[in-house]
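Everything below concerns the one structure shown next.
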2 protein chains.
Amino acid sequence: MTATAGSREAATPAEESRRTELILVAARLFRLNGYERTTVRELAEAVGLRSGSLFHYFRNKEEILLAVMANGIQSVIDEGQALMARHEQPAERLEGLFRLHMSSLINGVGGDAMHAMIYEWRSLTPQARAQIQQLSTAYEQLWNRTINEAVAQGLLQGDPAIIRKHVLGGMNFTVRWYRPDGRLSAEQVTEQMLRAALPGLARHPEL
Amino acid sequence: MTATAGSREAATPAEESRRTELILVAARLFRLNGYERTTVRELAEAVGLRSGSLFHYFRNKEEILLAVMANGIQSVIDEGQALMARHEQPAERLEGLFRLHMSSLINGVGGDAMHAMIYEWRSLTPQARAQIQQLSTAYEQLWNRTINEAVAQGLLQGDPAIIRKHVLGGMNFTVRWYRPDGRLSAEQVTEQMLRAALPGLARHPEL
DNA sequence: GTCTATACATAGATAGAC
DNA sequence: GTCTATCTATGTATAGAC
């Protein structure tokens, strides 16, 4: 599913691709300068348009943020569901979800969207916030099921909800410090994060 | 040390207290609505002043944010250093730092400031950002020393820097979901977070 | 120290031509 | 679909009286 939040009726392929480009560029700018400080003029210029033309694609600025977020979270949900279908063992699911989440944070495009999810939710109106909340909840369900299974199996100990929050929170924080040219490669960071977050788990990089 | 970022020359006690009140109220508003969306008019009204009067206490809006952040982080540094002086064992230091950080996040006043630290750093000019970075680094040093000791003792395994980032990131995320009237009390949340973050550690609530 | 009044800049969004 | 031109609102910050 290509999440085009607030999906609209028929659109030409060219129009759709322009819209997609806008969403990706917006995500990058929001990450760089923050949503509130990014002006529609900057965004327009970044894609070679004048500010007025943006409003042919989006009703208002908030709708851009909403699209950025919905797009990003939806693609993680899709991949997460596929992974859950592929694997049945809690240990495999847990490690797989972990690696998926990390790669979506570290990868440029997905990372920009996740960054918006993490940092810009307060700029949404209550209605839009509820929409995103719904998607977030769908994603968290994957984690809930998996962590509950893992706790039931004795693979993890403690309150499942707190474990989920701590593990996801620890990962989400990577958007603040991870740099592709840092001391550790993306793979090394993922391995070490996995080790720090879920010490009891065997590790299978192929997941 | 009472961190009054960009400390100025002599100020009457009354003036100092007004300034402190402004910092605390600002922190609360920033948390509620975000820094960029909080107007100086709102802040002024919240303390019973007109917007123009704010600029008697702060040169500009950013200086308020800077004061909120510096104030918050400095008080955690102070407490952290005292704790490091009180305890010598890595296990005790680790658990103590953890509990201190959690309580500073969960406690209303400190939590507001930490929230700003986590969410509003992009609104600082590079100069101000460097100032806050310096304080953050001082705080992280406490964690670095402690985690290095713990790894050396075999209490923790893995890359110390990643462990630190994961543990702190997991805790910082609590500002997003913790509610005083939630399912778990502050104490229970802290215990469960400790368990999730540092499973190998014995727990001593008195620390 | 606080107020009133206001300058000044910049933002988001719209209208209508092409 | 994109542009130009512009409206309108709102923000930060200042000046000067009290």
Side-chain angles (χ1 to χ4, degrees), chain A residues 4-6 8-27 29-30 32-68 116 120 122-125 127-128, chain B residues 4-6 8-27 29-30 32-68 116 120 122-125 127-128:
Chain A
T4 332
R8 30 189 69 194
E9 56 288 20
T12 71
E15 177 147 0
E16 205 43 60
S17 103
R18 189 60 131 169
R19 193 179 149 93
T20 302
E21 183 196 3
L22 274 165
I23 292 172
L24 298 183
V25 172
L29 290 179
F30 293 166
L32 226 55
N33 307 322
Y35 168 75
E36 301 286 354
R37 297 161 66 94
T38 302
T39 68
V40 293
R41 285 183 174 83
E42 283 171 345
L43 173 56
E45 193 181 7
V47 297
L49 290 176
R50 299 306 186 107
S51 69
S53 309
L54 281 192
F55 297 93
H56 173 72
Y57 296 95
F58 301 92
R59 245 194 304 277
N60 52 43
K61 192 187 173 191
E62 187 197 21
E63 208 181 68
I64 305 176
L65 177 57
L66 187 60
V68 165
E120 310 293 4
R122 275 174 317 183
S123 292
L124 296 174
T125 57
Q127 294 83 347
Chain B
T4 332
R8 29 188 72 195
E9 56 290 19
T12 72
E15 178 147 2
E16 206 43 61
S17 104
R18 191 55 133 175
R19 192 179 150 94
T20 302
E21 182 195 5
L22 274 165
I23 292 173
L24 297 183
V25 172
L29 290 179
F30 294 166
L32 226 55
N33 308 321
Y35 169 76
E36 301 286 354
R37 296 160 66 93
T38 301
T39 69
V40 293
R41 284 184 175 87
E42 283 171 346
L43 173 56
E45 193 180 8
V47 297
L49 289 176
R50 299 305 187 110
S51 70
S53 309
L54 282 193
F55 297 92
H56 173 71
Y57 296 95
F58 301 93
R59 245 194 304 277
N60 52 43
K61 191 187 173 191
E62 188 198 20
E63 208 181 69
I64 304 177
L65 176 57
L66 187 60
V68 165
E120 311 293 3
R122 276 174 316 184
S123 291
L124 296 174
T125 56
Q127 295 82 347

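All figures in this text were calculated on a predicted structure; none of them were measured in a lab.
- Residue B:Ser53 places its side chain closer to C:dC3 than to any other of C:dA13, C:dC3, D:dC3.
- In this structure, A:Glu42 atom CD and C:dG12 atom C1' are separated by 13 Å, rounded to whole Å.
- When the side-chain nitrogen and oxygen atoms of B:Arg41 are compared with OP1 and OP2 of D:dT10, none of them lie within a distance under 4.0 Å.
- Salt bridge annotation for A:Arg122-B:Glu120: present, with a cationic side-chain nitrogen under 4.0 angstrom from a carboxylate oxygen.
- Minimum atom distance to the side chain of A:Val40 is reached by C:dG12, of the listed C:dT2, D:dA13, C:dG12.
- Atom pair B:Lys61:NZ and C:dA9:C1' shows a separation of 15 Å (rounding to whole Å applied).
- Side-chain atoms of B:Lys61 and B:Tyr35, non-hydrogen and from C-beta on, do get closer than 4.5 Å to each other.
- Rounded to whole Å, atom P of D:dT10 lies 19 Å from atom CG of B:Leu43.
- Atoms CD (B:Glu45) and C1' (C:dT2) sit 16 Å apart, rounded to a whole Å.
- Rounded to an integer number of Å, the gap from CZ of B:Arg37 to P of C:dG12 is 12 Å.
- The distance from the CG atom of A:Leu49 to the OH atom of A:Tyr57 is 6.5 Å, given to the nearest 0.5 Å.
- If you measure from atom CG of A:Asn60 to atom P of D:dT8, you get 20 Å, rounded to the nearest angstrom.
- Phosphate contact (OP1/OP2 of D:dA13, side-chain N/O of B:Arg59, threshold under 4.0 Å): absent.
- At a threshold of 4.5 Å between non-hydrogen side-chain atoms, the residues B:Phe58 and B:Ile23 count as touching.
- Distance from the side chain of B:Phe55 is smallest for D:dT14 among the nucleotides D:dT14, C:dA13, C:dT2.
- Minimum atom distance to the side chain of B:Arg50 is reached by C:dT4, of the listed C:dA11, C:dT4, C:dT2.
- Summarising the geometry, the separation between CZ on B:Phe58 and P on C:dT2 is reported as 12 Å, rounded to the nearest angstrom.
- Other residues, nucleotides and ligands contribute at most 12 non-hydrogen atoms within 6.0 Å of the CD atom of B:Glu45.
- Comparing B:Arg18 and B:Ser51 by the nucleotide of DNA chain C whose heavy atom lies nearest to each, the residue mapping closer to the 5' end is B:Arg18.
- In this structure, B:Glu63 atom CD and D:dT14 atom P are separated by 11 Å, rounded to whole Å.
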